[in-house]
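Every value quoted in this text rests on a predicted model; they were computed, and no experiment measured them. For ligands, and for the atoms within them, numbers begin at 1 and follow the listed sequence.
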Amino acid sequence: MPSSNPPAPSSAQLEEVKDAVRALLHQPEYDDGSAGPVLVRLAWHSAGTYDAASKTGGSNGAGMRYEKEGGDPANAGLAHARAFLEPVKEKFPWITYADLWCLAAVVAVKEMGGPEVQWQGGRTDFTDDSKVPPRGRLPDAAQGSDHLRHIFYRMGFNDQEIVALSGAHNLGRCHGDRSGFEGKWVNQPTRFSNQYYRLLLQNDWKKKKLANGLEQFVYVDEEIELEEGEEPEELMMLPTDMSLLSDAAFRPWVERYAKDKDLFFAHFAAVFGKLLELGLVRDASGNIVNEENVEGGYQS
Ligand code: DDH
């Protein structure tokens with residue numbers, strides 16, 4: 001490693017960054033009151049470009065800072081997540097964007113009541129867009145299980161891992177002006193739980209065509225207590241979410257995670273940790289050593 005690279009941060013330094021992320025999660029004016037869900041999506045989209053065959057893409061590089069990746073319609077809305085984190089980057093300039101985006105998601109999952117995800121630093125930021133992966137590597141929500149396998153097998157995941165990763169849709173919502181889909185999957189979208197799987201199985205989901213031509217699945221929760229004058233809220237599922245029910249290999253995992261929250265938390269922690277590491281090759285001390293999509297690294 002060239003000696004001009006920065007020394008690895010101490011755990012006390014990392015704790016300061018985590019505290020700063022915790023402090024910004026509460027955003028009363030934004031969405032459902034939390035930056036957490038969109039931060040989780042930022043980390044997922046930064047890592048989910050990985051292609052195991054060519055060893056390109058992945059969370060290293062923070063390529064979404066460049067139009068080539070940041071302007072991908074699949075990444076619409078993630079500028080909000082990057083903007084939430086900008087003051088943290090300004091306060092702690094030693095952390096790379098690539099590390100900060102992943103760490104922020106790990107903090108957000110935990111703070112929203114989810115499991116502790118193992119995280120290691122050392123990612124570097126690209127200094128131009130030449131190594132940014134091509135667009136089109138992220139999933140298209142209008143499709144089905146063949147597409148899910150095509151996308152997630154490319155990253156090196158199996159069927160169980162696809163279902164566990166999809167449980168992130170316990171969090172957040174769809175925005176008409178971002179993806180074109182509308183609404184949230186669960187009633188409490190800022191609390192990490194296995195509710196998504198339970199709702200998938202329990203409810204009678206009806207296809208609904210939106211004004212923009214997109215189709216999603218909806219259900220009105222009649223049991224939720226409403227204030228006077230409040231309309232019952234519609235919950236939603238994407239076509240890709242529904243394919244977890246209709247696919248014979250995916251469905252048993254939906255059933256297991258619906259019944260066993262601890263199993264889901266353990267599997268989610270493992271698979272989300274794996275997602276954030278895609279494309280990174282580390283030596284015994286944890287330093288990133290592969291050169292293909294990595295520039296620099298910490299001092300070894
Ligand atoms: Fe997702 N996701 N996602 N997703 N996702 C959306 C929102 C969020 C798909 C499509 C969409 C994962 C997998 C898939 C989160 C986390 C994860 C939206 C709505 C669409 C569309 C965006 C918008 O309008 O703002 C599809 C398709 C897949 C798939 O094929 C499996 C995974 C693996 C994760 C993860 O984190 C592990 C989160 C969180 C959100 C909520 C964002 C927000 O702003 O709120």
Side-chain angles (χ1 to χ4, degrees), residues 25 27 30-50 59 72-84 101-102 104-106 108-109 111-112 114-115 117 136-155 157 159-186 188-193 196 200 210 212 214-217 236-245 247 250 253-254 264-265 267-278:
L25 289 178
Q27 294 286 343
Y30 178 77
D31 267 8
D32 302 288
S34 172
V38 79
L39 291 178
V40 173
R41 189 165 199 243
L42 175 66
W44 138 235
H45 277 209
S46 81
T49 55
Y50 185 61
S59 67
D72 185 341
N75 288 327
L78 293 179
H80 291 277
R82 297 196 293 278
F84 284 132
W101 295 352
C102 292
V106 166
V109 166
E111 288 298 300
M112 290 188 285
V117 177
R137 289 191 177 179
L138 293 162
D140 170 3
Q143 301 206 42
S145 52
D146 287 352
H147 174 70
L148 287 189
R149 289 199 172 88
H150 170 73
I151 296 284
F152 286 90
Y153 285 7
R154 187 204 69 223
M155 294 179 228
F157 291 114
D159 289 352
Q160 171 264 316
E161 291 172 316
I162 292 173
V163 181
L165 278 168
S166 303
H169 286 171
N170 273 285
L171 300 173
R173 56 168 61 244
C174 296
H175 306 77
D177 59 347
R178 299 184 191 175
S179 61
F181 296 95
E182 272 292 356
K184 55 190 183 178
W185 292 267
V186 306
Q188 288 186 292
T190 60
R191 208 176 68 82
F192 196 85
S193 77
Y196 163 85
L200 255 180
L210 304 177
N212 58 19
L214 288 174
E215 284 182 346
Q216 63 184 46
F217 291 78
M236 63 89 61
M237 291 286 165
L238 298 165
T240 38
D241 298 311
M242 294 303 291
S243 77
L244 302 183
L245 277 186
D247 184 275
F250 290 150
W253 288 107
V254 174
F264 166 55
F265 274 35
H267 284 186
F268 183 81
V271 77
F272 196 65
K274 176 174 166 179
L275 172 71
L276 302 183
E277 282 289 305
L278 292 178

Any idea which part of [X] is under 4.0 Å from ligand 1, heavy-atom wise: side chain, backbone, both or neither?
| X | value |
| --- | --- |
| Ile151 | neither |
| His80 | neither |
| Leu165 | both |
| Leu148 | side chain |

With only distance considered, is [X] within less than 3.5 Å of ligand 1 through an N or O on each side?
| X | value |
| --- | --- |
| Thr240 | no |
| Asp31 | no |
| Trp44 | yes |
| Ser166 | no |

For ligand 1, which atoms, with element, lie under 4.0 Å from some heavy atom of [X]?
| X | value |
| --- | --- |
| Phe272 | 36 (O), 37 (C) |
| Val38 | 44 (O) |
| Ser179 | 19 (C), 21 (C), 22 (C), 23 (C), 24 (O) |

Checklist entry - Between His147 and Asp140, do the side chains contain an N or O donor and an N or O acceptor separated by less than 3.5 Å? => result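 There is no such pair between these side chains.
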
Next on the checklist: Just to confirm my output: which protein heavy-atom neighbour is closest to atom 19 (C) of ligand 1, and how far is it?
Outcome noted: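 Nearest protein contact, heavy atoms only, for atom 19 (C) of ligand 1 is Cys174 SG, 3.4 Å.
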
Checklist entry - Out of curiosity, is Phe192 lining ligand 1, as in a heavy atom under 4.0 Å away? => result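 Phe192 does not count as a contact of ligand 1 under the 4.0 Å cut-off.
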
Item to check | Shortest heavy-atom approach to atom 25 (O) of ligand 1 - which of His147, His45, His175 | outcome: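 The nearest heavy atom belongs to His175.
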
Checklist entry - Given Gln143, His169, Lys184, which one has a non-hydrogen atom that is nearest to atom 9 (C) of ligand 1? => result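 Considering heavy atoms of Gln143, His169, Lys184, the nearest to atom 9 (C) of ligand 1 sits in His169.
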
Checklist entry - Taking the inter-plane angle between the rings of His169 and Tyr196 on a 0 to 90° scale, is it parallel (under 30°), tilted (30 to 60°) or perpendicular (over 60°)? => result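 Rings of His169 and Tyr196: perpendicular, as their planes differ by over 60°.
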
Checklist entry - For the residue pair Leu210 and Gly180, what are the closest heavy atoms and their distance? => result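 Closest heavy-atom pair between Leu210 and Gly180: CD1-O, 3.4 Å.
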
Checklist entry - Knowing that exactly one of Arg173, His80, Lys184, His175 qualifies, which makes a side chain to side chain donor-acceptor pair (under 3.5 Å) with Asp31? => result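 The residue from Arg173, His80, Lys184, His175 that satisfies side chain to side chain donor-acceptor pair (under 3.5 Å) with Asp31 turns out to be His175.
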
